[in-house]
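In this chain, numbering begins with 1 at the start of the sequence shown.
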Amino acid sequence: QVQLVESGGGLVQAGGSVRLSCIASEGTLEPYLLAWFRQGPENERTFVAAINWAADSPVYADSVKGRFTISRDNAKNTMSLEMNSLTPEDTAVYYCAAGLRFRFGVVSSEERYRYWGQGTQVTVSS
């Protein structure tokens with residue numbers, strides 16, 4: 001239905017900022033609930049942020065709230081994650097994900113999302 005591709009990752013110093021992007025290389029993002037997850041050295045994928053179609057009430061994990069901002073542009077078929085005040089604990093592979101709208105479930109759960117990108121590496125140095 002849709003194919004997702006992340007970009008923007010790289011090496012960043014602690015306290016710095018980076019902007020990640022997620023683009024639909026095939027299909028459109030418009031029908032989907034969108035989210036970012038990350039997988040660190042412990043090899044466990046955890047929730048970062050999510051945004052609905054109206055983009056009026058984004059949801060953030062406690063560890064990133066106030067530092068990260070999720071947004072989307074349906075006209076450009078993209079979703080973004082602005083990351084500020086980065087720490088080494090933010091080092092991870094970041095994945096974008098898409099889930100069907102109007103479905104019951106926990107927004108922070110991997111089970112909520114049907115489509116996933118291949119991930120982009122973000123490394124934060126001390």
Under 4.5 Å between side-chain heavy atoms, counting indirect links through other Ile/Leu/Val/Met/Phe/Trp/Tyr residues: same cluster for [X] and [Y] or not?
X: Leu34; Y: Phe47; result: no
X: Met83; Y: Tyr95; result: no
X: Val59; Y: Leu33; result: yes
X: Phe37; Y: Val93; result: yes
X: Val18; Y: Tyr94; result: yes

Inset, instruction - Using the side-chain hydrogen bond (donor to acceptor under 3.5 Å, both in side chains) rule, collect all pairs that involve residues 111-126, keeping only residues at least two apart or in two chains. - result: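 Qualifying pairs: Gln121-Thr123.
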
Legend entry - Heavy-atom side-chain contact between Leu29 and Trp53 under 4.5 Å: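 Not in contact.
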
Inset, instruction - Evaluate the side-chain proximity of Ser21 to Thr78: yes if any heavy-atom separation is below 4.5 Å, no if none is. - result: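 Result no, sub-4.5 Å side-chain heavy-atom pair not found.
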
Answer yes or no: does atom [atom1] of [X] have more than 12 heavy-atom neighbours from other residues, nucleotides or ligands under 6.0 Å?
X: Gln39; atom1: CD; answer: yes
X: Arg19; atom1: CZ; answer: no
X: Gln13; atom1: CD; answer: no

How close do [X] and [Y] get, counting heavy atoms only, and between which atoms?
X: Leu20; Y: Gly9; answer: CD2-N, 3.6 Å
X: Ser17; Y: Glu82; answer: CB-OE2, 4.5 Å
X: Arg38; Y: Asp90; answer: NH1-OD1, 3.0 Å
X: Leu81; Y: Trp36; answer: CB-NE1, 3.5 Å
X: Gly27; Y: Asn77; answer: O-ND2, 3.1 Å
X: Met79; Y: Cys96; answer: CE-CB, 3.6 Å

Inset, instruction - Verify, without hydrogens or angle tests, whether Tyr60 (side chain) and Ile70 (backbone) share a donor-acceptor contact under 3.5 angstrom. - result: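 Yes; judged by distance alone, with no hydrogens or angles, the pair exists.
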
Legend entry - Working for side chain to side chain contact (heavy atoms under 4.5 Å, CB included), residues Asn74 and Thr28: CA-CA 8 Å; Asn74 290 337; Thr28 175; over 6 Å; no

Inset, instruction - Salt-bridge test for Arg72 and Glu30: reply yes if a basic N is under 4.0 Å from a carboxylate O, no otherwise. - result: no

Inset, instruction - Working to the nearest 0.5 Å, report the span between NZ of Lys65 and OG of Ser63. - result: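 Nearest 0.5 Å value for the NZ-OG distance: 12.0 Å.
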
Legend entry - Nearest-0.5 Å distance that lies between atom CG in Asp73 and atom CD1 in Ile23: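 These two atoms lie 11.0 Å from each other.
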
Legend entry - Test side chain to side chain contact (heavy atoms under 4.5 Å, CB included) applied to Tyr32 and Leu100, step by step: CA-CA 5 Å; Tyr32 299 100; Leu100 275 61; 4.0 Å; yes

